[in-house]
Visitor: 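I have a structure here, written as structure tokens, and I will follow up with some questions on it.
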Amino acid sequence: MRIKKYYIVLIIVSFFSATQYVAAQAKRIITLSSAISETVNALGYGKNILATDVTSVSPEEINRLPKVSRNRSFSVESITAYRPDLILVPEGDFSKENLYQFKSLGIRVVTIRQEFSVQGATKFIRQIAAAIGDKARGEQLAQKTESNINTTLSQLKKGSKSPKVLFIYARGVGTMNVAGKGSSIDEIIKLAGGKNAILEFSDFKPYTTEALIKSNPDVILMFDFGLSSLGGRAAFLDLPGVSYTNAGKNKKIIEMNGPLLINFSNRLPEAIKALNNRILQ
Amino acid sequence: MKRTVIYTCLSVGLLVSICFSLALGAMRIPIKEVIDTLTHAMGFSVFSSVDHGINEGVIMMIRLPRTLMGILVGAALGISGAAIQGIFRNPLAEPSLVGISAGASLMAVLIIAFETILFSSLSQLLGYYLLAFGAFAGAGITAMLVYNLSKINGQANVSTMLLAGIAINAMAGALTGLVTYLADEQKLRSITFWMMGSLGGATWQNVSCLFPFVLIPLIGLPFLAKGLNLFAIGENQVELIGLNPNRIKILVVVLATMAVGASVAVSGIIGFIGLLIPHLTRLLGGVDHRFVLPVSALMGALVLTLADMVSRLIVQPIELPIGVVTALMGTPIFLYILIKDKKKLVN
């Protein structure tokens, strides 16, 4: 008898929470990083995205959306003008003041911290799905991504030894940075069966010719826009020091799509596979 | 008579630009709703008191604090610029030239970069106000340092003070650069904000924090106008009339530091207002500080409100840093004054 009572209460409660669940689902979303935009789209909510940031360029239907933030420069009012009910933003991109401003306008902001690892990717997907209010689909996509990653990792090409990869982030010859330990690039290189050529420091630090020669990478990796900003492959091979490295001698300069490499979400398997193919060619 | 006209024109101009600043922005809000929201907030309503929802929020929570911050920061920079030019008897002196702004921003950058390591206990104590106090302290320390460096036989020497200011600026710039190099990406972004200046972070919280720091100098500095007028003739003139020149100097430096330090704390470095506004004021109505000080405050408020509107509206949906706008507006005018008055400056 008592158990029955509890059972009824439980059903009522779950009914109410279920209706709330549906009511809380976000309809008008603003996504402020390429990984977030791609993940929301992969969850099937691409049509609910109103605007994105300047890095959100794929897929095409996301690229067509208005860009309200450029290199983290944005105005609270222009974002508010879209009357969003949810803003998804990487942790740290909004200042304390901005968060307070959106809060006082009654707009929900969810800041998302991205961890660059396999576990981080599935966590990222689940977090975003939870913010949108569709945990079920998040679980589905997270599990699919995880099994894809496992399949990809088991099918990786293996060389006699893992190649040393140096990543250069370039915006013209004057502004070149290399990726150190703990960066997103460091992690994707390791997952793809390579070895980061830089082990001395973490994050990104300015590039120097001597450091390049000292690290002597087997492969130099760049974003596609990075290589073109240096004037293309031939111009890059002519840069001082490049010809002294294994990568320069063997002309192993590879360029890859930036958003794909640092997605660390639903496209992580694709990124691992593509990078693995290129560095172990 | 002429001055009454100038006061009236500037006041009307400021009021009009405040109205535009509240009415224009990325959100298209009908002017009727703007008026209704404002009158409603003041306790009565012209039109029907319908709930405008998010539009009301944008006006009350985003545009109004931002406009007020523009007025306060502009007035603070304008009046401190005029007062500092007065005691230095140098038309090039401005808060950033004597190192006050650099000291404020260096301290702010240090706090941003090392907050978690060094300032955690302070941060718990002061919370939100830590940066403001830090910037103020930085401004105060550099101002005192520059002032003491420039003392010769107990007298502050103006050219030494300027040179000391340049040295402090270079030092603070180098240290800021060093911290920037060590800081991670996220902190770098906050630091960039400080170097470029923006009113985008205005909330009621930081506007009310700024208010007393600007109000006291705005009231206090005009009382020193007479002394500053005598400074223009020569320091000994101040003594002859029975005033203490050193006391005037210290008061001006303290009050200006207060205004500039607090402004930098909430909006970052906004250049050219402190330099240019006093020049424009003197161009309009002469060199009497009883006129120059209040009018510089008024004009600073007006120009910064306009500059902020430009920064918000010109590259929608994003914003230009306001420091870029003031420099772009300011430099041509400054060069014009320079070319026009070149002969006068030499003689």
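Numbers restart at 1 for each chain; the letters A, B, ... are given by sequence-line order, proteins then strands. Fair warning: this is a prediction, and the values are worked out from it, not measured in the lab.
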Visitor: Where the side chain of A/Q101 meets the backbone of B/G200, is there a donor-acceptor pair that is under 3.5 Å apart?
Guide: yes
Visitor: So, for B/A26 and A/S78, which heavy atoms are closest and what is the spacing to 0.1 Å?
Guide: CB-CA, 3.3 Å
Visitor: Side chains of B/M61 and A/T80: does their closest heavy-atom pair fall under 4.5 Å?
Guide: no
Visitor: If you count heavy atoms of other groups shown closer than 6.0 angstrom to CZ of B/F211, is the number above 12?
Guide: no
Visitor: Can you name the closest pair of heavy atoms from B/I54 and A/L105 and give their distance?
Guide: CD1-O, 4.0 Å
Visitor: Can you see which heavy atom on A/E97 is nearest to which on B/T203, and at what distance?
Guide: O-CG2, 4.0 Å
Visitor: Considering only heavy atoms, which portion of A/K67 lies under 4.5 Å from any heavy atom of chain B: side chain, backbone, both, or neither?
Guide: backbone
Visitor: If contact means a heavy atom pair closer than 4.5 Å, which residues of residues 323-331 of chain B contact chain A?
Guide: none
Visitor: List the atom of A/S75, the atom of B/E319, and the distance in Å for their closest heavy-atom pair.
Guide: CB-OE2, 2.8 Å
Visitor: Heavy-atom distance under 4.5 Å to chain A: side chain of B/R28, backbone, both or neither?
Guide: neither
Visitor: Taking salt bridge (charged side-chain N to carboxylate O under 4.0 Å, His left out) as the definition, give me every residue that meets it alongside A/E115, ordered by chain and number, with sequence neighbours left out.
Guide: A/K123
Visitor: A/I79 versus chain B, heavy atoms under 4.5 Å apart: side chain, backbone, both or neither?
Guide: neither
Visitor: Under 4.5 Å from any heavy atom of chain B, what part of A/S104 do you find: side chain, backbone, both or neither?
Guide: both
